[in-house]
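Read the numbers this way: they start at 1 and go in the same order the structure lists the ligands and their atoms.
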Amino acid sequence: MLWQSYLPGHIYFGTNIIKENNNILQGLGSKALIVTGQGGSARRIGALDDICQALQHQHINWEIFDQVEANPSIDTARAGARLARACGADFIIGIGGGSPLDAAKAIAILARNDISEEALLNGQYGEVLPLAAVATTAGTGSEITPYSILTFPAHKTKRSITSPKIIPRLAILDPRYTSELPWQITADTAVDAYSHALESYLSVKTTPLSEVYAHAALKILGAELKLLSHSKTVTMASREALLFGSMLGGMAISTTGTSIPHALGYPFTFYKDVPHGRANGLIMTAYLDYNLHHSADPKTSQALEISGFEDLQHFQRLMETLCGPAPVCSQSEKETFIEQTMQAKNLVNNLITPSRQDLIEILEKTLQ
Ligand code: NAP
Ligand code: ZN
């Protein structure tokens, strides 16, 4: 089998990792634009302060762009890029969950390349600004992936920008930053991380290396999802395991991409405001059921086993506890979801590519 892998970033993982390494930002540039969420969590949890102190230690100036909303739009990325240019930033630091990190990646491209949406989505650009990413949720793995997922209001959906150029040069993972995450966001993001491991494990693009990452992530995250379903209190040991598992899930999808739950989940987020991870969680049982019935490959049942789930019913009960009920959708909304999902490029990544009718059945099962 021929395969390749490209994971070029430096990873720093552990409690107080920035304070213990105050030269951590050395060599990235001389003026930083820090990109954070509009809810102010980066400031409240101390991550912004730690980064500013590390910058001060290196005598590096900075500017802050704190306007990133959940599921960030292309317009927000353009606004951040304008600020980056105006203040002369020569590198970007994203602090947050997937939303600020994905916005930071797009800003790194757009600050250097004044290009159309089409050129951005097709990878038609030159050099991008160097990036550092501080993860504050344990879910997307965005701190190490080559993806930036933005909302494009003109397309009425989310689209993925994919390029090795936006893999952060530096990924910072301190479980302490996730300690105040409310239970529901912890669950939503953990389910997202699990879906990355699962979709990667069940991908036709899997490689011996991505499978190692996905296998380890399924095992770690499967155990943590069970703990989360039993208690609203999350220990620091679990926070650390979730952050590690999420990073491994990100490494797995960096090679394989995602598949059906992500493709069908985006319209749930765009039209029904369902958080990203929860949207995947709502769909995953019907997705696994589809694979179990349509693919002869034993990997689907193996994935459940590796994760420590007894069977699909066990998995379904767990997802219901973590994700709650699916939103109520009208017939015309369902048709729109299917229309948009049929255009997704990642459906072919699954062990078996679904037809339109298959997707309709997966959606109906999800919504029943
Ligand atoms: P998020 O949208 O980044 O954050 C969700 C909420 O959690 C926000 O209100 C945020 O507040 C808050 N928050 C973040 N960290 C916190 C902390 N430590 N303590 C308390 N509150 C905190 O959520 P996410 O699930 O991490 O990211 C979802 C996005 O990532 C979606 O757009 C999804 O499509 C994308 N995604 C990207 C990849 C990739 O590889 N690039 C993979 C999967 C998903 P603030 O407003 O203060 O930030
Ligand atoms: Zn995801």
Has ligand 1 got any nitrogen or oxygen that is less than 3.5 angstrom from a nitrogen or oxygen of Y147?
yes
Looking only at non-hydrogen atoms, the one of A47, P72, S99 nearest atom 1 (P) of ligand 1 is S99
Work out the angle at the Zn ion (ligand 2) between NE2 of H276 and OD1 of D192, rounded to 10°.
90°
Is there a nitrogen or oxygen of Y177 sitting under 3.5 Å from a nitrogen or oxygen of ligand 1?
yes
With distance as the sole criterion, is a donor-acceptor pair present between the side chains of N349 and K205 under 3.5 Å?
yes
Look at the rings of F337 and F268 and say which category their plane angle falls in: under 30° parallel, 30 to 60° tilted, over 60° perpendicular.
tilted
Which residue and atom name correspond to the protein heavy atom nearest atom 44 (C) of ligand 1, and how close is it?
H276 NE2, 3.3 Å
Over 12 foreign heavy atoms within 6.0 Å of CD, E118
no
Numbered atoms of ligand 1 (with element) below 4.0 Å of G97, judged on heavy atoms:
3 (O), 26 (O)
Note: M251 and I11 closest approach over all heavy atoms is CE-CD1, 3.5 Å
Salt bridge check: are K299 and D297 linked by an N-O gap of less than 4.0 Å?
no
Would you mind listing which atoms of ligand 1 come within a distance below 4.0 Å of any non-hydrogen atom of D192?
43 (C), 44 (C)
What atoms of ligand 1 come closer than 4.0 angstrom to any heavy atom of H196?
42 (C), 43 (C)
Nearest neighbour in protein (non-hydrogen) for atom 41 (N) of ligand 1:
D102 OD1, 2.8 Å
Could you grab the distance from atom CD1 of I362 to atom CD of Q357, nearest 0.5 Å is fine?
10.5 Å
So, Y194 versus N280: side-chain donor-acceptor pair below 3.5 Å or not?
no
Which residue and non-hydrogen atom of the protein lie closest to atom 42 (C) of ligand 1, and at what distance in Å?
T140 O, 3.4 Å
Return the minimal non-hydrogen interatomic distance between A111 and L129, and the atom names on each side.
CB-CD1, 3.7 Å
Nearest protein heavy-atom contact for atom 40 (O) of ligand 1: which residue, which atom, what distance?
T145 OG1, 2.7 Å
Residues K105 and S142: side-chain donor-acceptor under 3.5 angstrom
yes
Ligand 1 to P100, heavy atom cutoff 4.0 Å, flagged ligand atoms 3 (O)
Any salt bridge linking E339 with R356? Criterion: basic side-chain nitrogen under 4.0 Å from a carboxylate oxygen.
yes
What residue and heavy atom of the protein are closest to atom 7 (O) of ligand 1, and at what distance?
I185 CD1, 3.5 Å
Quick test: of every protein heavy atom, which one is nearest to atom 27 (O) of ligand 1, and how far off is it to 0.1 Å?
G98 N, 3.1 Å
Per-atom contacts of ligand 1 with T137, taking only distances under 4.0 Å to non-hydrogen atoms
14 (C), 15 (N), 26 (O)
For D49, is there an ion pair with R43 - N to carboxylate O distance below 4.0 angstrom?
no
Do you know which of S203, S210, S200 makes side-chain hydrogen bond (donor to acceptor under 3.5 Å, both in side chains) with T256?
S200
Within 4.0 Å of some non-hydrogen atom of K158, the atoms of ligand 1 are 31 (C), 32 (O), 33 (C), 34 (O)
Please write down residue, atom name and distance for the protein heavy atom closest to atom 45 (P) of ligand 1.
S41 OG, 3.4 Å
Is there a protein heavy atom at a distance of less than 4.0 Å from atom 21 (N) of ligand 1?
yes
Determine whether any protein heavy atom is located less than 4.0 Å from atom 37 (C) of ligand 1.
yes
Classify the side-chain pair T189/D192 by whether it contains a donor and acceptor separated by less than 3.5 Å.
no
If the contact criterion is a heavy-atom separation under 4.0 Å, does G40 count as touching ligand 1?
yes
Which atom of H262 approaches the Zn ion (ligand 2) most closely (N/O/S)
NE2
In ligand 1, the atoms that come under 4.0 Å of a heavy atom of T189 are 25 (O)
For atom 15 (N) of ligand 1, which candidate among L181, I144, T136 provides the closest heavy atom?
T136
Flag the pair D50 and R176 as a salt bridge only when some basic side-chain nitrogen lies within less than 4.0 angstrom of an acidic carboxylate oxygen.
yes
What is the nearest protein non-hydrogen atom to atom 46 (O) of ligand 1, stated with its residue, atom name and distance?
G39 N, 2.8 Å
Between R159 and E117, is there a salt bridge with N-O shorter than 4.0 Å?
no
Under 3.5 Å, N or O to N or O, is N71 touching ligand 1 that way?
yes
